[in-house]
> 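I'd like to ask you about the structure that follows.
We number each residue from 1, following the sequence as shown.
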Amino acid sequence: AAVLLLLLLLSAAALAARGALPPPEQAARVARVVLHSCDWGALATLSAQDGLRGHPFANVFSLSDGAPGPGRGSGVPYLYLTDMEISVRDLRVNSNASLTVSLAQTPYCKKHKYDPQNPLCAHIIFCGSVVKVNDSEAAIAKKALFSRHPEMESWPKDHNWFFAKFNITNIWVLDYFGGLKIVTPEEYYSVKP
C-alpha cells in the first residue's frame with residue numbers, strides 16, 4: 001500500500017511538473033489555479049422562494065477573478081448580478097452561500113480522461129457570503145468580468161446589474177485521493193497561482 005501511495009504521489013508530482021496543476025501538497029495554490037481557470041461556478045443559496053424556503057438551491061453563474069492568463073488572478077470570485085435573478089433574491093434574505101468550481105469545465109479533465117467526479121479532476125468548494133462591491137472595487141470587478149465575459153457589457157441596462165464578490169470564509173480542495181483539504185482564506189490569498 002505504501003508503494004502504491006508513493007507511485008500515486010510521484011505521478012501527481014510529474015503531472016504538476018508538466019505545468020498542469022501545482023502538486024497536491026500545495027492545496028492553496030491548487031485552489032487559486034482552479035478558480036482562475038474557471039469561467040463559471042455553481043452557486044448554492046438557501047432558498048427564500050415559496051415552496052422551497054430553507055432548501056438548498058444551486059444555480060450557475062459566470063465569474064472571474066481577473067483577466068485570463070497565468071498569474072493574473074486576484075483569487076476574488078467576482079459576479080455580475082441583478083435582483084431579477086432568483087438566487088439573488090435568496091441572497092437578499094441570507095447572503096451565505098457556497099460556490100463550487102471544477103476543472104471539468106476546462107479541457108484539462110477531458111485531456112487526462114478524468115471523469116468530473118474523479119478527485120484528479122480538481123474542484124474547489126468555497127463557503128462564505130455574496131456581497132455587493134463598493135465603488136472603488138467595482139472598477140476591478142468590471143475589468144475582471146468583462147475581460148472574460150464581454151457579452152455582459154451589452155446586457156439590458158434596465159435590469160440594474162451590479163458587481164458583487166464572493167467573500168470567502170472557508171475553502172475545501174478536492175484534487176487528489178484521500179479526502180478534502182482545508183485551506184484558510186489567509187493561506188489562499190497569500191500564495192500566487
> Show your reasoning for whether side-chain contact (heavy atoms from CB on, under 4.5 Å) applies to Tyr176 and Leu120.
CA-CA 5 Å; Tyr176 201 68; Leu120 297 177; 3.5 Å; yes

> How far does CZ of Phe162 sit from CG of Leu79, to the nearest 0.5 angstrom?
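It comes to 9.0 Å.
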
> Enumerate the disulfide (SG to SG under 2.5 Å) contacts for residues 118-151, please, sequence neighbours excluded, ordered by first and then second residue.
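Those involving residues 118-151 are Cys109-Cys121.
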
> Rounded at 0.5 Å granularity, tell me how far OG in Ser102 sits from CD in Gln117.
10.5 Å

> Kindly work out whether a path of hydrophobic side-chain contacts (I/L/V/M/F/W/Y, heavy atoms less than 4.5 Å apart) joins Val101 to Val60.
no

> Hey, quick one: are Val130 and Met84 part of the same hydrophobic cluster, counting side-chain heavy atoms closer than 4.5 Å, chains of contacts allowed?
no

> The criterion is side-chain hydrogen bond (donor to acceptor under 3.5 Å, both in side chains); which residues satisfy it with Asp90, sequence neighbours excluded?
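side-chain hydrogen bond (donor to acceptor under 3.5 Å, both in side chains) check on Asp90 returns Thr45, Gln49.
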
> Sequence neighbours left out, what pairs pass salt bridge (charged side-chain N to carboxylate O under 4.0 Å, His left out) with at least one residue falling in residues 72-84?
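Every pair satisfying salt bridge (charged side-chain N to carboxylate O under 4.0 Å, His left out) with a residue in residues 72-84: Asp83-Arg92.
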
> How would you list all residue pairs meeting salt bridge (charged side-chain N to carboxylate O under 4.0 Å, His left out) that involve residues 156-177, not counting sequence neighbours?
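Checked against salt bridge (charged side-chain N to carboxylate O under 4.0 Å, His left out) - neighbours excluded - the pairs reaching residues 156-177 are Glu137-Lys165, Asp175-Lys181.
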
> Nearest 0.5 Å, please: how far is OG in Ser64 from NE2 in His36?
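OG of Ser64 is found 7.5 Å from NE2 of His36.
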
> Under the side-chain hydrogen bond (donor to acceptor under 3.5 Å, both in side chains) test, which residues partner Asn59, sequence neighbours left out?
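side-chain hydrogen bond (donor to acceptor under 3.5 Å, both in side chains) list for Asn59, sorted by chain: Glu85, Ser87.
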
> According to the side-chain hydrogen bond (donor to acceptor under 3.5 Å, both in side chains) rule, which pairs have a member within residues 121-134, sequence neighbours left out?
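Passing the test, one end in residues 121-134: Asn134-Ser136.
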
> Following the transitive rule for hydrophobic clusters with a side-chain heavy-atom cut-off under 4.5 Å over Ile, Leu, Val, Met, Phe, Trp and Tyr, establish whether Leu174 and Leu35 coincide in one cluster.
no

> Once salt bridge (charged side-chain N to carboxylate O under 4.0 Å, His left out) is applied, do any residues pair with Arg29, and if so which ones, sequence neighbours excluded?
none

> Find out whether Pro68 and Ser147 are in side-chain contact, i.e. whether some heavy atom of one side chain is under 4.5 Å from a heavy atom of the other.
yes

> Hey, could you give me the CG/CD1 distance between Asp65 and Ile140, rounded to the nearest 0.5 Å?
12.5 Å

> Do side-chain atoms of Trp155 reach the backbone of Tyr80 as a donor and acceptor pair under 3.5 angstrom?
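It does not hold such a pair.
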
> Is it true that Trp161 and Leu43 fall in one hydrophobic cluster, defined by side-chain heavy atoms closer than 4.5 Å?
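Same hydrophobic cluster.
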
> Determine yes or no for a side-chain-to-main-chain donor-acceptor pair under 3.5 angstrom, with His149 supplying the side chain and Leu63 the backbone.
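The answer is yes, because a donor-acceptor pair under 3.5 Å joins these two groups.
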
> Kindly write out the residues that satisfy ring pair (Phe, Tyr, Trp, His ring centres under 6.0 Å) with Tyr188, not counting sequence neighbours, or none if the list is empty.
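Here the qualifying residues are Phe126.
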
> Hey, could you give me each pair passing disulfide (SG to SG under 2.5 Å) that has a residue in residues 153-193? Not counting sequence neighbours.
none

> Might you work through the side-chain contact (heavy atoms from CB on, under 4.5 Å) test for Val76 and Phe166, ending with a clear yes or no?
CA-CA 7 Å; Val76 177; Phe166 194 91; over 6 Å; no

> Restricting to pairs with a member in residues 31-52, which pass salt bridge (charged side-chain N to carboxylate O under 4.0 Å, His left out), not counting sequence neighbours?
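Qualifying pairs, neighbours excluded: Asp39-Arg148, Asp50-Arg53.
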
> For the side chain of Ser95 and the backbone of Leu91, is there at least one donor-acceptor N/O pair under 3.5 Å apart?
no

> Would you list the pairs meeting disulfide (SG to SG under 2.5 Å) in which at least one residue belongs to residues 163-193, sequence neighbours left out?
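Sorted pair list comes back empty.
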
> Would you mind listing every salt bridge (charged side-chain N to carboxylate O under 4.0 Å, His left out) that reaches into residues 103-123, with sequence neighbours excluded?
none

> With side chains defined as the heavy atoms from C-beta onward, is the minimum distance between Thr82 and Val88 less than 4.5 Å?
no

> Show the numbers, then the answer: is there a side-chain contact (heavy atoms from CB on, under 4.5 Å) between Ile125 and Asn170?
CA-CA 8 Å; Ile125 304 163; Asn170 302 83; over 6 Å; no

> Parallel, tilted or perpendicular: which fits the ring planes of His112 and Tyr114, with parallel below 30° and perpendicular above 60°?
perpendicular

> Please assess Ile124 against Ile171 for the test side-chain contact (heavy atoms from CB on, under 4.5 Å), listing each intermediate value before the final yes or no.
CA-CA 7 Å; Ile124 314 303; Ile171 305 163; 3.8 Å; yes

> Indicate the ring-plane relationship of Phe163 and Phe146, choosing parallel, tilted or perpendicular according to the 30° and 60° boundaries.
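Aromatic pair Phe163/Phe146 classed tilted.
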
